[in-house]
Amino acid sequence: MHGYLPFVSRMLQTGSLGHDPFNSRLMLTGLGAQNFLNALMAAPLPKDHLHLLNEGIAIAILCFAAAGLAGRLGVSRLGATAAALVPLGVDFRFVNLSSTTTFAALLVALVSAMGAGESIRGKFRDRAAWIVLTGILLAGLCSQKSTAIPVAAIFVSVAVILRCIRERRLGAVIDGAGMALVAFVVLAPWMIWQYQSSGTPLYPLLGRGFHLSRYAALKNPPLPANMKSVLVGSMVLPLILLIIVLAAMVVRKIRDAISDRAFQVNIALLAAWVIALPAIYVATQTIEAWRYLLPVRTAGLILIVATCWRVGDHLAGQHGMRVGRQI
């Protein structure tokens with residue numbers, strides 16, 4: 001756990017992460033992205049400021065990404081400002097320097113990009129550029145932490161399935177396959193390095209490599225009943241929001257206010273939130289599962305705030321038009 005500082009120092013001195021067998025921290029943080037990010041901060045600033053990338057720069061990026069997502073949904077400037085303020089109300093508690101906030105920023109950017117896909121028509125070049133951009137965001141999200149991979153995979157898969165159902169054609173599947181291919185190409189050099197240094201191209205999905213659990217049976221202590229209740233209770237909010245979104249789809253006034261692609265990304269992100277929590281809990285068997293899903297909760301709340309504001313703007317506009325006609 002104390003490897004964050006020497007890892008960064010070694011990278012700055014040697015220009016490489018280096019082959020470091022039996023280094024659990026490199027495997028547990030996915031593909032080592034955090035070491036690169038920390039090195040960017042340690043290059044111009046003292047090591048005391050390593051936290052700035054997560055709690056400072058990443059928060060700023062997250063706020064701008066939230067405003068961009070709101071703008072993508074057609075929200076007014078005031079609504080986009082409200083969405084940008086949501087991250088400032090989230091308590092990002094850090095047990096270590098894992099990429100929690102950067103994870104949230106990239107997830108919001110990916111949601112925004114996925115929501116824009118359907119509006120891109122015409123030239124193949126525009127479509128290809130959108131697929132490449134989305135694939136790069138997907139790769140960046142997966143590189144932050146191994147627990148981000150299930151969230152990214154579920155979100156993109158559900159969004160593609162919903163679009164296929166609505167359009168009744170396989171164009172969305174082709175786009176999704178293109179995103180996955182771009183993400184794989186971007187991640188491939190890191191995965192090769194991970195295999196050479198740690199014995200697995202992707203921990204733990206493609207093997208445990210030189211992790212201690214490969215050589216000894218490691219079991220986490222059973223969770224106390226109160227912590228199990230906390231984890232179960234964490235699913236209540238996304239389930240309620242998902243039910244509300246599904247119910248809102250049958251209301252004509254709300255359907256007129258929100259585009260189909262906005263409904264799709266709402267359902268896809270909430271589904272990823274609901275499914276990933278028990279999946280990550282089962283995979284990690286730790287009380288830290290709630291912390292791993294904190295970025296998803298943040299992105300979900302930003303999307304819900306922006307969506308609700310869009311509905312409010314639309315209904316307020318309709319009411320103003322009716323009053324104008326009466327006058």
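The shown structure was predicted, so the numbers you read here are calculated from the model rather than taken from an experiment.
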key: Nearest non-hydrogen partners of A39 and L12, listed with the distance   = O-CD2, 3.8 Å
query = Under 4.5 Å between any side-chain heavy atoms of I304 and V245, yes or no?
reply = yes
request  = With sequence neighbours left out, write down each residue that passes side chain to side chain contact (heavy atoms under 4.5 Å, CB included) with L206, or none if nothing qualifies.
outcome  = M191, T200, P201, L202
ask   = Can you list the steps and then say if L62 with I302 is a side chain to side chain contact (heavy atoms under 4.5 Å, CB included)?
value = CA-CA 10 Å; L62 177 56; I302 290 171; 4.1 Å; yes
task = Answer with yes or no whether the hydrophobic clustering places I244 together with L246; edges join I, L, V, M, F, W, Y residues whose side-chain heavy atoms lie under 4.5 Å apart.
result = no
OG1 on T102 to CD1 on I61, rounded to 0.5 Å = 7.0 Å
ask   = Please walk me through it: do S146 and L205 pass side chain to side chain contact (heavy atoms under 4.5 Å, CB included)?
value = CA-CA 9 Å; S146 56; L205 300 179; over 6 Å; no
query = If you group Ile, Leu, Val, Met, Phe, Trp and Tyr by side-chain heavy-atom gaps below 4.5 Å, do V173 and I267 land in one group?
reply = yes
ask   = Where the side chain of W273 meets the backbone of L293, is there a donor-acceptor pair that is under 3.5 Å apart?
value = no
task = Check for a donor-acceptor pair, side chain of T298 on one end and backbone N or O of L294 on the other, with a separation under 3.5 Å.
result = yes
Counterpart residues, side chain to side chain contact (heavy atoms under 4.5 Å, CB included), relative to I243 (two or more places apart) = none
note = Closest non-hydrogen atoms of P189 and V186, given as atom of the first, atom of the second and distance, are CD-O, 3.5 Å
request  = Evaluate side chain to side chain contact (heavy atoms under 4.5 Å, CB included) for T307 paired with L73, printing each intermediate quantity in order.
outcome  = CA-CA 7 Å; T307 302; L73 296 177; 3.9 Å; yes
task = Apply side chain to side chain contact (heavy atoms under 4.5 Å, CB included) to the pair R127 and D175, showing each step before the final yes or no.
result = CA-CA 9 Å; R127 199 70 177 172; D175 290 346; 2.7 Å; yes
message = Using the rule that Ile, Leu, Val, Met, Phe, Trp and Tyr join whenever any side-chain heavy atoms are under 4.5 Å apart, tell me whether V250 and I240 fall into a single cluster.
response = no
request  = Can you see which heavy atom on M179 is nearest to which on T134, and at what distance?
outcome  = SD-CG2, 3.6 Å
query = Cluster question for you: counting only ILVMFWY and a side-chain heavy-atom cut-off of under 4.5 Å, with indirect links fine, are I131 and I161 together?
reply = no
task = Check whether any side-chain heavy atom of L269 sits under 4.5 Å from a side-chain heavy atom of M114, and report yes or no.
result = no
request  = Of all the heavy-atom pairs spanning A268 and V158, show the shortest one and how long it is.
outcome  = CA-CG1, 3.6 Å
request  = Identify the two heavy atoms, one from P87 and one from I59, that lie closest to each other, and give their separation to 0.1 Å.
outcome  = O-CD1, 4.4 Å
Separation between CD of Q144 and CG of L107, rounded to the nearest 0.5 Å = 11.0 Å
key: hydrophobic_cluster_shared for L303 and L239, side chain cutoff 4.5 Å   = yes
query = Which heavy atom of S143 sits nearest a heavy atom of L187, and at what distance?
reply = CB-CD2, 4.1 Å
ask   = Can you tell me if R310 uses its side chain to pair, donor with acceptor, with the backbone of V75 under 3.5 Å?
value = no
ask   = Any chance CZ of R10 has more than 12 other-residue heavy atoms, nucleotides or ligands included, within less than 6.0 Å?
value = yes
Rounded distance [0.5 Å steps], CG in L270 versus CZ in F155 = 10.0 Å
query = For the atom pair CH2 (W309) and CG (L78), what is the distance rounded to the nearest 0.5 Å?
reply = 4.0 Å
Spacing of CD1 belonging to I136 relative to CG belonging to L106, to within rounding of 0.5 Å = 12.0 Å
ask   = If you measure from CZ on F184 to CG on L138, what distance do you get to the nearest 0.5 Å?
value = 13.0 Å
